[in-house]
Amino acid sequence: DEYGGVMKAPTTSETSYNSHGTKRVLVTGATRGLGRTICETLADDHHLLVGGRDAEATTALARIAAVATGLPHGTAISCDSAAVLHGFPMPRPATAEHAVHVRRADGFRVRRPGVIAHARLERRRTQVVDGVLTVGPEDTWLDLAAPGHWGLTALVVAGDHLVNRWTGRAVERLEEAVARRRRSPGIRLARTALGLIRTGSRSPAESHARVLVVQEGLPEPALNAAVAGQWGEVVAEVDMLWEEERVIVEYDGETHYEDPEARQATLRRTEMLRDLGFQVVTLTRRDLWAGQHHLWLADLRRRLRTARG
């Protein structure tokens with residue numbers, strides 16, 4: 001349930017693989033290539049996509065590549081579509097029915113079915129991703145804070161993905177984009193989201209759960225924290241840890257239940273943590289759905305309050 005990052009080199013090509021196993025070659029500079037990505041523009045961010053690229057998304061990418069052919073030179077993929085190309089975790093999976101977002105510096109309007117055109121490309125930094133001129137990831141993230149695009153949770157999840165401490169970019173790059181474009185639509189929402197972004201999240205689901213915890217007014221946990229055994233040795237790394245209260249929250253993706261060996265290992269690990277005196281709250285994808293999260297948040301609040309006496 002992780003999404004791999006895409007790195008940018010100043011002047012050279014760079015090859016990497018995202019978590020879907022997709023090879024990506026990144027080259028800075030201009031190009032005539034266009035299109036190849038698509039997404040849905042929704043403000044509802046309570047159903048964050050957790051999982052790899054499916055057949056429907058692959059079909060969508062192929063359709064958008066065809067639609068983008070012949071668009072004017074100097075047009076960059078932007079907004080939600082750029083987010084997909086950069087590998088952002090999305091509020092909804094891409095499908096073949098959604099429009100491609102593009103952006104230009106001049107006043108020329110792109111008028112094609114299935115294309116949504118935006119202006120002011122000159123205020124954004126661009127790079128080439130998979131042979132396609134694309135608004136850079138930091139500016140794309142900021143564009144998604146504009147009204148009609150993404151909500152707070154989706155922005156924080158995407159931001160966590162961008163700056164995670166294992167494969168991500170420096171958080172200062174997001175801060176620079178916010179400072180450089182301080183009059184952009186949605187800048188207040190972007191600043192709020194920026195204050196909630198952390199470098200320690202390994203997956204969109206973990207980020208989503210943490211945002212719900214913070215919005216509930218609960219203490220913020222340590223992320224992907226090491227747990228020590230009785231002799232001081234590290235015995236586990238857990239998704240969210242309240243060390244003083246000895247409370248742990250773990251998110252179990254679908255693979256934990258589809259693979260019998262993974263499920264057995266998870267059960268044994270939970271038993272070990274409980275033997276060490278920790279209370280363990282286990283979350284699944286359903287717990288992050290709107291209307292469901294209040295149940296486990298109430299349970300977590302009770303456990304933290306009880307632990308504090």
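- Of the charged side-chain nitrogens involved, none lies within less than 4.0 Å of a carboxylate oxygen, so that D139 and R123 do not count as a salt-bridged pair.
- Counting only distance, with no hydrogens or angles, the side chain of H86 and the backbone of V135 share a donor-acceptor pair below 3.5 Å.
- Heavy atoms from other residues, nucleotides or ligands lying under 6.0 Å from CD of E244 number 12 at most.
- Under the side-chain contact (heavy atoms from CB on, under 4.5 Å) criterion, E237 pairs with R202, N224, sequence neighbours left out.
- Qualifying side-chain contact (heavy atoms from CB on, under 4.5 Å) partners for T192, counting only residues two or more places apart in sequence or in other chains: L152.
- Scanning all heavy atoms of the two residues, the minimum distance from W166 to G200 falls at CH2-O, 3.3 Å.
- Classification of the H101-H118 ring pair by plane angle, with boundaries at 30° and 60°, yields parallel.
- Here the side chains of M90 and V84 are in contact, with some heavy-atom distance below 4.5 Å.
- Within 6.0 Å of CZ on R180 lie more than 12 heavy atoms contributed by other residues, nucleotides or ligands.
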Hey, can you pull the donor-acceptor pairs under 3.5 Å for the side chains in residues 183-191, sequence neighbours left out?
residue	atom	partner	partner atom	Å
S184	OG	R181	O	3.1
S184	OG	R181	NE	3.1
S184	OG	R181	NH2	3.4

Checking E250 against V281 for the side-chain contact (heavy atoms from CB on, under 4.5 Å) test, could you report, in this order, the C-alpha distance in whole Å, the side-chain angles of both residues, the deciding distance, and whether it holds?
CA-CA 6 Å; E250 291 274 70; V281 178; over 6 Å; no

Using side-chain contact (heavy atoms from CB on, under 4.5 Å), reason through V249 and L283 one step at a time and then give a plain yes or no.
CA-CA 7 Å; V249 168; L283 307 181; 3.6 Å; yes

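- Listed here is the closest heavy atom pair of A222 and A225: CB-CB, 4.0 Å.
- The two residues P219 and W242 have their closest heavy-atom pair at O-NE1, 2.8 Å.
- A 4.5 Å side-chain heavy-atom check between R198 and N164 finds every atom pair outside the cut-off.
- Inter-residue side-chain proximity for V213 and E220 is flagged as unmet; no heavy-atom pair is nearer than 4.5 Å.
- D287 places a side-chain N or O within 3.5 Å of a backbone atom of T284 that can act as its donor or acceptor partner.
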Derivation of the salt bridge (charged side-chain N to carboxylate O under 4.0 Å, His left out) call for R268 and E271:
CA-CA 5 Å; R268 294 288 175 263; E271 290 174 358; 3.3 Å; yes

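- Annotation for V238: hydrophobic cluster partners, listed by chain and number, are V227, V235, L241, I248, M272, L273, L276, F278, V280 (ILVMFWY side-chain heavy atoms under 4.5 Å, direct or chained).
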Set out, in order, the CA-CA distance, both residues' side-chain angles and the distance that settles side-chain contact (heavy atoms from CB on, under 4.5 Å) for V100 and S81, then state yes or no.
CA-CA 6 Å; V100 182; S81 301; 4.1 Å; yes

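- Listed by chain and residue number, T153, V156, Q215 satisfy the side-chain contact (heavy atoms from CB on, under 4.5 Å) test with V211 (two or more places apart in sequence, or in another chain).
- For the atom pair CG of L162 and CG of L174, the computed distance is 5.5 Å after rounding to the nearest 0.5 Å.
- Closest non-hydrogen pair, A82 versus T140, comes out as CB-OG1, 3.4 Å.
- For the pair R104 (side chain) and H73 (backbone), a donor-acceptor distance under 3.5 Å is present.
- Using a cut-off of 4.0 Å between Lys/Arg side-chain N and Asp/Glu carboxylate O, E176 and R173 are scored as not salt-bridged.
- At least one side-chain heavy atom of D80 sits under 4.5 Å from a side-chain heavy atom of L144.
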Evaluation steps, side-chain contact (heavy atoms from CB on, under 4.5 Å), between W141 and V178
CA-CA 10 Å; W141 179 86; V178 170; 4.0 Å; yes

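- Within the structure, every pair that satisfies the salt bridge (Lys or Arg N to Asp or Glu O under 4.0 Å) test and touches residues 300-309, not counting sequence neighbours, is listed here: E216-R301, E245-R308, D299-R302, D299-R303.
- Counting heavy atoms of neighbouring residues, nucleotides and ligands inside a 6.0 Å radius, atom CD of E261 does not exceed 12 of them.
- Although no hydrogens or angles enter the test, the distance criterion places a donor-acceptor pair under 3.5 Å between the side chain of E233 and the main chain of W231.
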Could you walk me through whether E138 and R124 pass the salt bridge (charged side-chain N to carboxylate O under 4.0 Å, His left out) test, one step at a time?
CA-CA 9 Å; E138 292 82 15; R124 292 151 177 84; over 6 Å; no

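- H294 contributes a side-chain N or O that, together with a main-chain N or O of G291, makes up a donor-acceptor pair within less than 3.5 Å.
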